[in-house]
Amino acid sequence: MITELSEQEAIRRESLKELEKAGINPYPAEAFEVNVTTAEIHAAFPSDNSLFQEISIAGRIMTRRIMGAASFVDLQDSTGRIQLYVKRDEICPGEDKSLYNTVFKRLLDIGDIIGVTGYVFITQMGETSIHVKSLKLLSKSLRVLPVVKEKDDQVFDAFSDPEARYRQRYVDLIVNPEVREVFIKRSQIINTMRSFFNERGYLEVETPILQPIPGGAAARPFITHHNALDIPLYLRIANELYLKKLIVGGFDGVYEFARDFRNEGMDRTHNPEFTVLEIYVAYKDYFWMMDFTEQMLERVALALHAKTAVQVGDRTIDFKAPFRRLTMSDAIKEYAGVDIAGKTEDEIRAFCKSLNIETTPSMGKGKLIDAIFGEKCEEHLVQPTFITDYPIEMSPLCKRHRSDPELTERFELFVNGKELCNAYSELNDPIDQLDRFQQQLELSKKGDDEAMFIDMDFVRALEYGMPTCSGMGIGIDRLTMFMTNQPSIQDVLFFPQMRPEKKATPAGDADEAFLAAGVPEAWIPVLRKYGFKSVAELKAANPNKLLNDLGGLRKKMKLDIPALKLEEIQAWVSA
RNA sequence: CUCUCCGUAGCUCAGCUGGUAGAGCAAAUGACUCUUAAUCAUUGGGUCACAGGUUCGAAUCCUGUCGGGGAGACCA
């Protein structure tokens with residue numbers, strides 16, 4: 001684990017030892033009392049100088065400006081930053097000035113976490129600051145933080161490498177304050193929605209993530225295995241069927257913020273695991289749900305921005321209810337210029353050809369219509385728009401339209417050309433439901449590998465009777481991208497999925513090979529430094545010379561590991 | 001999966017048509033008791049992602065691998 005340390009990391013580890021020698025615990029166990037945050041000081045101090053005369057505050061050292069016997073430090077806590085004024089004779093009132101001269105100036109670094117006491121004042125340059133009376137190290141930082149500087153709203157040397165930011169999000173959060181803001185807003189979005197539901201008496205529930213049948217959506221699942229039951233289990237792709245079983249069970253409204261998993265491609269709008277809210281409300285239909293959805297989104301926008309207009313890229317999106325409503329057939333008429341109403345599969349296939357849309361024989365009527373819509377319409381739906389009345393083949397869980405048996409009572413909400421919500425008047429006819437599942441089976445025989453599985457327990461539940469019901473699902477990650485103006489899903493997930501980091505395998509053999517030959521772990525980096533990259537090279541060496549050279553190297557590098565014996569080295573070479 | 005750009009010090013980046021690496025910040029040492037991208041002086045810090053190839057000589061040219069960004073294909 002401890003490979004080559006950089007010069008600065010080695011210096012920090014030395015400082016750590018010196019601190020311990022001086023009797024300072026770099027990682028003390030006891031609590032440090034904090035009685036104020038930087039945000040509270042900045043909010044109240046300038047108007048009332050009598051406040052904050054005895055404060056205790058903790059945070060991370062972000063930058064220092066040392067001028068001999070006095071210094072300024074920028075301290076960052078969870079709410080922001082404040083400047084500290086550290087004066088030698090203030091923190092070292094007696095003869096012994098080592099706390100300032102040695103500990104503060106030499107042994108502390110940017111990145112260390114400290115606690116201070118003192119009082120708030122305003123410097124001659126007009127900056128609200130803390131006059132430090134005592135200072136205590138709370139945690140020593142051994143790694144070097146990127147130092148981001150700022151002047152007149154211009155940022156210098158920003159920590160910007162996406163790979164490093166996503167892999168080491170903690171560093172990103174420390175040095176890039178706007179990143180923290182995105183995630184605070186994400187939490188606000190979820191809280192606003194939760195209040196909206198709870199005020200109406202709906203119940204927050206939890207349903208299985210490990211499912212024997214991955215139902216409720218069309219997607220490729222992750223498969224895992226349960227040892228005790230000796231059965232395959234799937235990570236859920238949706239929770240729709242379970243929530244509807246709860247409506248059967250007698251709840252009037254249930255919702256879940258669910259983590260779903262889909263074993264499909266990754267790009268800037270798709271992560272293998274993502275968060276979806278699904279809500280089901282008894283005795284409602286999809287018209288009711290449209291009203292509900294637009295009110296919910298308007299409220300989220302207001303909660304975050306205090307207005308309904310939200311900046312997304314170079315566009316302004318207005319979440320003020322009501323949103324435009326358009327049937328799918330009208331949308332295709334408007335944007336593709338063809339009328340699909342009452343047309344056969346062959347006629348629609350011909351439309352696709354005339355519009356230069358690729359088709360395959362396995363595509364049914366529903367997929368063909370969806371292809372036209374996807375190619376020609378979606379990109380135009382910038383302002384929030386409900387697209388309604390989808391063809392029946394695409395919606396096996398959705399109630400047939402009350403006035404057209406070819407269609408379903410379904411809507412999707414499009415924002416900025418992307419799908420955001422999906423909702424139905426839920427299908428509660430168990431015979432129709434089984435029939436639709438069987439049609440899915442036919443599709444899958446035709447080669448559609450994402451047709452739905454049949455969940456017989458769900459059909460059985462419907463046979464007991466489910467009230468009329470409307471359900472809606474909304475992608476929380478996508479919603480957060482819109483509401484916080486982030487172009488990539490990776491920017492709204494703390495830890496987006498990444499390929500595993502491989503430590504650059506040094507030329508020659510891996511550590512394991514050296515260990516297998518009997519070399520103690522601590523000596524492996526030494527051998528590499530000495531020039532042995534592989535076990536084979538090691539075996540070719542003269543054990544006596546090795547003993548001498550390695551002993552010398554141990555002294556030179558001041559290594560804190562036991563000296564080697566000739567027999568040990570002979571064992572490696574002959575192993 | 002395809003195309004494309006990228007990978008150099010802890011961070012942000014230079015490095016030309018090939019000649020064994022530079023800057024700013026950060027760090028070390030020193031000066032400085034109201035600075036704020038603090039300032040001034042001195043110094044150290046590199047497996048140029050990895051592996052091959054071409055060449056007298058490769059950070060640079062070529063091939064492959066790994067990792068990342070972007071675009072597309074596929075996909076809700």
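Small disclaimer: the values here were computed from a predicted structure and weren't measured. What you see below is based on every heavy atom in this structure, not just the backbone, and it leaves out hydrogens, waters and symmetry mates. Throughout, a chain's letter reflects where its sequence line sits, starting with A, and its residues are numbered from 1.
Of all nucleotides listed (A38(B), U12(B), U36(B)), A38(B) comes nearest to the side chain of Thr63(A). Considering only side-chain atoms of Gln83(A), the nucleotide from U12(B), U36(B), C34(B) that sits closest is U36(B). If you check U35(B), G68(B), U12(B) against the side chain of Met498(A), the one that comes closest is G68(B).
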Listing time: all N or O pairs from protein to nucleotides 4-10 of chain B that are below 3.5 Å?
from: G10(B); atom 1: O2'; to: Val144(A); atom 2: O; distance (Å): 3.3
from: G10(B); atom 1: N7; to: Gln8(A); atom 2: NE2; distance (Å): 3.4

Pairs under 3.5 Å (N/O, protein and nucleotides 30-32 of chain B):
from: C32(B); atom 1: N3; to: Ile66(A); atom 2: O; distance (Å): 3.4
from: C32(B); atom 1: N3; to: Gly68(A); atom 2: N; distance (Å): 3.1
from: C32(B); atom 1: N4; to: Gly68(A); atom 2: N; distance (Å): 3.2

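Between the side chain of Thr123(A) and the base of U35(B) there is at least one donor-acceptor pair of N/O atoms closer than 3.5 Å.
Shown here is Arg499(A), whose CZ atom has no more than 12 heavy atoms of other residues, nucleotides or ligands within 6.0 Å. Within a 6.0 Å sphere centred on NZ of Lys105(A), heavy atoms belonging to other residues, nucleotides or ligands number more than 12.
The aromatic ring of Phe156(A) does not sit over the base of G24(B), since the test of centres under 5.5 Å and planes under 30° is not met.
Taking atom C1' on both nucleotides, U55(B) is separated from G68(B) by 31 Å, rounded to a whole Å. The gap from the C1' atom of A49(B) to that of A59(B) amounts to 12 Å, rounded to the nearest Å. If you take atom C1' in G7(B) and the same atom in C48(B), they sit 10 Å apart, rounded to whole Å. For the P atom pair drawn from U39(B) and U60(B), the interatomic distance equals 36 Å after rounding to whole Å.
Regarding Asp157(A), its CG atom lies at a distance of 9 Å from the P atom of C25(B), rounded to whole Å. We find that CG of Leu5(A) is positioned 22 Å from P of A26(B), with the value rounded to whole Å. At whole-Å resolution of the value, CD1 in Ile110(A) and P in A38(B) are 9 Å apart. One can place CD of Glu150(A) at 11 Å from P of A38(B), the figure rounded to the nearest angstrom. The distance from atom CD of Glu375(A) to atom C1' of C75(B) is 13 Å, rounded to the nearest whole Å. Between the CG atom of Asp89(A) and the P atom of U33(B) there is a distance of 10 Å, given to the nearest Å. Across the protein-nucleic acid pair, Tyr166(A) atom OH and G70(B) atom C1' stand 12 Å apart, rounded to whole Å. A straight line from CZ of Phe121(A) to C1' of U36(B) spans 13 Å, rounded to a whole angstrom.
When Watson-Crick and G-U wobble pairs are counted only if both distances are under 3.5 Å, U55(B) pairs with no nucleotide at all. Across all strands shown, U35(B) forms no Watson-Crick or G-U wobble pair with both key distances under 3.5 Å. Taking a pair to require two hydrogen-bonding distances under 3.5 Å in either a Watson-Crick or a G-U wobble arrangement, C75(B) remains unpaired. Pairing partner, A23(B): U12(B), with both Watson-Crick or wobble hydrogen-bond distances short of 3.5 Å. Pairing for C40(B) is with G30(B), a Watson-Crick or G-U wobble pair whose two hydrogen-bonding atom distances lie under 3.5 Å. Pair assignment for C66(B): G7(B), on the basis of Watson-Crick or G-U wobble contacts that are both within less than 3.5 Å.
In this structure, the side chain of Asn176(A) does not engage the main chain of Val179(A) through any donor-acceptor pair within 3.5 Å. Distance alone, capped at 3.5 Å, places no donor-acceptor pair between the Arg13(A) side chain and the Leu142(A) backbone. Using a distance-only test at 3.5 Å, with no hydrogens or angles considered, no donor-acceptor pair links the side chain of Arg262(A) to the main chain of Ala219(A).
Arg167(A) has a side-chain polar atom (N or O) that falls below the 4.0 Å cut-off from OP1 or OP2 of G68(B). Dashed line: the shortest gap from a side-chain N or O of Lys149(A) to OP1 or OP2 of U36(B) is not under 4.0 Å. Contact check, Arg65(A) against A38(B): a side-chain N or O comes under 4.0 Å of OP1 or OP2. Contact annotation: Arg268(A) reaches the phosphate of A71(B) (side-chain N/O to OP1 or OP2, under 4.0 Å). Residue Arg499(A) has a polar side-chain atom (N or O) positioned under 4.0 Å from OP1 or OP2 of G68(B). OP1 or OP2 of A37(B) lies within a sub-4.0 Å distance of a side-chain N or O belonging to Lys151(A).
Here the straight-line distance linking atom CD1 of Ile57(A) with atom CD1 of Ile130(A) works out to 4.5 Å at 0.5 Å rounding. Separation of atoms OG1 (Thr293(A)) and CD1 (Ile474(A)) is listed at 7.5 Å; rounding is to 0.5 Å. If you take CZ on Arg165(A) and OH on Tyr170(A), they are separated by 14.0 Å, rounding to the nearest 0.5 Å. Between His42(A) atom NE2 and Thr37(A) atom OG1 the span is 9.0 Å, to the nearest 0.5 Å. A distance of 3.5 Å separates CD in Glu426(A) from NZ in Lys244(A), rounded to the nearest 0.5 Å. Summarising the geometry, atom CE belonging to Met481(A) is positioned 8.0 Å from atom CG belonging to Asp491(A); distances are rounded to the nearest 0.5 Å.
Side-chain contact check for Glu256(A) and Asn239(A): at least one donor-acceptor pair (N or O, by modelled atom type) lies under 3.5 Å.
Contacts of Glu412(A) with the nucleic acid, taken as non-hydrogen atoms under 4.0 Å apart, include base atoms. The residue Ser71(A) sits apart from the nucleic acid: no heavy atom pair falls under 4.0 Å. Residue Glu378(A) is classed as a base contact, given a heavy-atom separation below 4.0 Å to a base.
Both Glu127(A) and Ile11(A) lie close to RNA chain B; mapped to their nearest nucleotides by heavy-atom distance, the more 5′-ward contact belongs to Ile11(A). Residue Ala164(A) is the one, among Tyr85(A) and Ala164(A), whose nearest nucleotide of RNA chain B lies closer to the 5' end (criterion: closest heavy atom).
Using a 4.0 Å cut-off between charged nitrogen and carboxylate oxygen, Asp370(A) and Lys367(A) do not count as a salt-bridge pair.
Nucleotide U60(B) is shown with an anti base, its glycosidic torsion being more than 90° from 0.
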